[in-house]
Peer 1: 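Dropping the structure in here first, questions after.
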Amino acid sequence: QVQLVESGGGLVQAGGSLRLSCAASGSSFSIIAMGWYRQALGKQRELVAIITSGGNPNYADSMKGRFTISRDNAKNMVYLQMNSLKPEDTALYYCTADVLTYGSKSPNRYWGQGTQVTVSS
């Protein structure tokens, strides 16, 4: 029903910046919220940030003040601006979309394929 495609990852030096983008496509869907998760090698997946359709953002404590999530509802896109990057930010970053369908009790979560972010020291 919903497909998510991330872009914007790459290799940057510590202290640098990257802007990730995620485009949602499909038919007959209503996205309640979109967000970003990340997973480093050998570690569990963790929340980075989420944003509701109304534009209210929430961040994990370690990202607050450095990362900014935003969305364009008309284009069904979500963005993650990452500043002051650290080597520990190196991970595969995943886009998510929570989609509410008629008759369901709760939204279904869709995941993108991920985009790699590597921060050198």
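Note that the structure is predicted; figures quoted are calculated from it, not measured. Numbers here simply count residues along the sequence, with the first being 1.
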Peer 1: Are Tyr94 and Met82 connected, step by step, through hydrophobic side chains (Ile, Leu, Val, Met, Phe, Trp, Tyr) whose heavy atoms are closer than 4.5 Å?
Peer 2: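 No; Met82 is not reachable from Tyr94 via cluster members.
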
Peer 1: Check for me, please, whether Val117 and Val48 land in the same ILVMFWY cluster - side-chain distances under 4.5 Å, paths through other members count.
Peer 2: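 Yes, Val117 connects to Val48 through the hydrophobic network.
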
Peer 1: Report yes if some heavy atom in the side chain of Tyr79 is under 4.5 Å from a heavy atom in the side chain of Thr68; otherwise report no.
Peer 2: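 A side-chain contact under 4.5 Å is absent here.
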
Peer 1: Let me have the donor-acceptor pairs involving side chains of residues 56-64, under 3.5 Å, with sequence neighbours excluded, atom names and distances please.
Peer 2:
residue	atom	partner	partner atom	Å
Tyr59	OH	Ile69	N	3.0

Peer 1: Once rounded to the nearest 0.5 Å, what's the spacing between atom CG of Leu80 and atom CD1 of Ile51?
Peer 2: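 Output value for this atom pair is 10.5 Å.
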
Peer 1: Using modelled atom types only, decide if a donor and an acceptor are shared between the side chain of Thr52 and the backbone of Ala33 within a distance under 3.5 Å.
Peer 2: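 No; judged by distance alone, with no hydrogens or angles, the pair does not exist.
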
Peer 1: Run the ring-ring contact (aromatic ring centres under 6.0 Å, His included) test against Tyr37 and tell me which residues pass, sequence neighbours left out.
Peer 2: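 With neighbours one apart ignored, the set is Trp111.
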
Peer 1: When rounded to the nearest 0.5 angstrom, what is the spacing between CE in Met77 and CZ in Arg71?
Peer 2: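 Taking CE in Met77 and CZ in Arg71, the distance rounds to 11.5 Å.
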
Peer 1: What distance do Asp98 atom CG and Arg109 atom CZ have between them, rounded to the nearest 0.5 Å?
Peer 2: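 Taking CG in Asp98 and CZ in Arg109, the distance rounds to 4.0 Å.
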
Peer 1: Look up atom CG in Leu92 and atom OG1 in Thr118, then write down how far apart they are to the nearest 0.5 Å.
Peer 2: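 Rounded to the nearest 0.5 Å, the CG-OG1 separation comes to 9.5 Å.
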
Peer 1: Roughly how far, to the nearest 0.5 Å, is CG of Asn76 from CD1 of Ile31?
Peer 2: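 Spacing of CD1 (Ile31) from CG (Asn76) equals 4.5 Å.
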
Peer 1: Between side-chain atoms of residues 4-25 and protein atoms elsewhere (two or more places apart, or another chain), which donor-acceptor pairs fall under 3.5 Å?
Peer 2:
residue	atom	partner	partner atom	Å
Glu6	OE1	Gln113	N	3.1
Glu6	OE1	Gly114	N	2.9
Glu6	OE2	Cys95	N	2.8
Glu6	OE2	Gly114	N	3.1
Ser17	OG	Asn83	OD1	2.8

